[in-house]
Amino acid sequence: MAHTDHRTMRSVLRREIAGTIGLLADEHDFRAMRRYRSFTFDDHPTYLRQVEDVLKNRAAYGGHTTLALFDPEDYAAYCAETGLDPDLPATRTRFTAELATTGPTVPYDGGPLAALVPTLVDAAVRRATWEYATTLLTRLGPCPTCGEDIGRAAFTRASDLVVRILDTAPPGDRHLVCTVMGAPETLVSVLHGDEDTQGTTRLDEAEALEFTSVLALGLATRSPGGLVLRTSAPGTADRVHGWRLRAGTLEPLTAAEVFDAYCTDAESGDLIAPEPGVDYCAPPDLGDLGEGSTAPDHHH
């Protein structure tokens with residue numbers, strides 16, 4: 001009887017343990033790990049099937065598992081920094097445990113692994129973009145004229161602009177894209193806002209943070225770029241409008257400019273047929289968009 005009770009208790013405890021699996025999402029990363037003798041998988045498709053089996057098995061017993069993106073380069077750097085042997089499963093486990101607390105993760109929801117991988121990759125790209133933009137904003141330092149932190153002021157201003165854009169947008173689900181060119185790399189950030197039945201826009205916190213940081217970087221460095229908003233609502237045409245990012249501020253695009261931007265291939269410059277059921281229009285008035293409206297007038 002006692003033996004059965006102990007076994008039952010262990011089973012219960014197993015269900016209480018939350019786990020993280022570090023996933024090698026693509027073939028390139030998988031091949032990089034094959035250099036370690038203790039990594040015994042032969043091919044990537046078989047590896048993904050085995051991971052999915054483990055996930056389903058844990059879920060069947062009530063276990064909660066999150067997925068993190070396992071980057072072999074980051075792993076090698078971690079081993080070099082800590083002095084741990086990279087060719088030990090225990091080291092990979094420790095690295096994965098750190099990923100669970102420092103990197104982006106997605107919870108396994110019982111569905112196909114193939115459907116979760118793009119979500120996980122998007123989360124990792126979003127995190128990397130946010131870290132990159134934040135690093136560049138921090139490096140800008142204080143304004144030589146007034147002493148205010150340029151990056152922090154730009155982030156505050158960008159936050160205000162995002163709120164204004166969402167508040168003045170037509171009802172519906174929102175899809176925003178911000179592009180900042182040459183700062184020193186071109187950055188693209190996407191923000192989705194779904195409208196609930198009460199008319200409130202729900203934002204993903206990590207997405208909003210990254211989007212605001214990228215916009216802030218464009219404002220602070222006075223880089224060229226643009227911001228486009230597409231609104232979708234049932235029973236009505238999608239509405240698309242946008243702004244040009246220039247000289248540290250947003251300039252509204254005319255309906256014709258938005259139409260031209262959407263109907264021109266970015267790579268070749270060739271014309272593309274306009275999308276049916278879409279209205280290209282000038283944006284609502286956001287009020288004063290001059291630099292002085294929410295931040296000191298920094299010129300560098």
Side-chain angles (χ1 to χ4, degrees), residues 118 122 125-126 129-130 132-133 154-155 157-183 185-195 201-234 236-291 293-294:
D122 284 349
V125 170
R126 198 161 60 233
T129 303
W130 169 71
Y132 180 68
F155 187 88
R157 184 159 175 259
S159 301
D160 177 64
L161 288 172
V162 171
V163 169
R164 281 203 252 173
I165 287 167
L166 292 171
D167 282 350
T168 57
D173 294 340
R174 287 77 183 264
H175 180 85
L176 295 90
V177 180
C178 180
T179 305
V180 174
M181 290 148 61
E185 295 180 22
T186 295
L187 296 179
V188 179
S189 182
V190 177
L191 179 61
H192 304 275
D194 294 331
E195 192 173 63
T201 301
R202 303 287 177 196
L203 302 175
D204 177 274
E205 194 175 325
E207 259 194 12
L209 189 59
E210 181 230 347
F211 187 90
T212 306
S213 300
V214 169
L215 176 58
L217 185 64
L219 296 171
T221 57
R222 308 173 72 80
S223 300
L227 194 156
V228 174
L229 169 65
R230 180 170 182 150
T231 307
S232 307
T236 182
D238 282 12
R239 292 171 62 88
V240 178
H241 50 254
W243 297 261
R244 181 184 293 106
L245 192 56
R246 179 187 285 174
T249 192
L250 291 176
E251 297 177 353
L253 295 171
T254 65
E257 286 173 325
V258 175
F259 179 88
D260 287 346
Y262 255 75
C263 300
T264 305
D265 185 281
E267 299 290 328
S268 64
D270 296 337
L271 292 177
I272 307 169
E275 199 178 333
V278 175
D279 288 341
Y280 304 94
C281 42
D285 183 18
L286 297 182
D288 180 15
L289 293 182
E291 272 188 294
S293 60
T294 55

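- Pro171 and Thr231 get closest at one heavy-atom pair: O-CG2, 3.4 Å.
- The closest donor-acceptor contact from the side chain of Arg222 to the backbone of Ala220 lies at 3.5 Å or more, if one exists at all.
- Distance check: Leu250 CG to Leu245 CG gives 5.5 Å after rounding to the nearest 0.5 Å.
- The side chain to side chain contact (heavy atoms under 4.5 Å, CB included) test with Leu229 is passed by exactly one of Leu176, Val177, Val240: Leu176.
- The aromatic rings of Tyr280 and Phe259 sit perpendicular to each other, their planes meeting at more than 60°, with 30° as the lower class boundary.
- Note that the CZ atom of Phe155 and the CG atom of Leu217 stand 12.0 Å from one another [nearest 0.5 Å].
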Side chain to side chain contact (heavy atoms under 4.5 Å, CB included) between Leu227 and Leu161, intermediate numbers included: CA-CA 11 Å; Leu227 194 156; Leu161 288 172; over 6 Å; no
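- A side chain to side chain contact (heavy atoms under 4.5 Å, CB included) with Glu210 is found for exactly one of Thr129, Asp204, Val190, Leu187, namely Thr129.
- Of all heavy-atom pairs between Arg164 and Thr168, the closest is O-OG1, 2.9 Å.
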Audit row: Ile165, Trp243, side chain to side chain contact (heavy atoms under 4.5 Å, CB included) steps and yes/no: CA-CA 10 Å; Ile165 287 167; Trp243 297 261; 3.9 Å; yes
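- Shortest non-hydrogen contact noted between Ala233 and Asp238 is N-OD1, 4.4 Å.
- Smallest separation of non-hydrogen atoms from His192 and Glu207: N-OE1, 2.9 Å.
- For the pair Gly242 and Pro283, the tightest heavy-atom approach, listed with the atom from each and the gap, is O-CG, 3.6 Å.
- Heavy atoms of other residues, nucleotides or ligands lying less than 6.0 angstrom from CZ of Arg239 number 12 at most.
- Summarising the geometry, atom CZ belonging to Arg230 is positioned 10.5 Å from atom CG belonging to Asp279; distances are rounded to the nearest 0.5 Å.
- Contact between Pro170 and His241 at its shortest, heavy atoms only, is CD-CE1, 4.0 Å.
- Between atom CZ of residue Arg157 and atom OG1 of residue Thr249 there is a gap of 4.5 Å, rounded to the nearest 0.5 Å.
- Tyr132 has its side chain out of reach of Val214: every pair of non-hydrogen atoms, C-beta onward, lies at least 4.5 Å apart.
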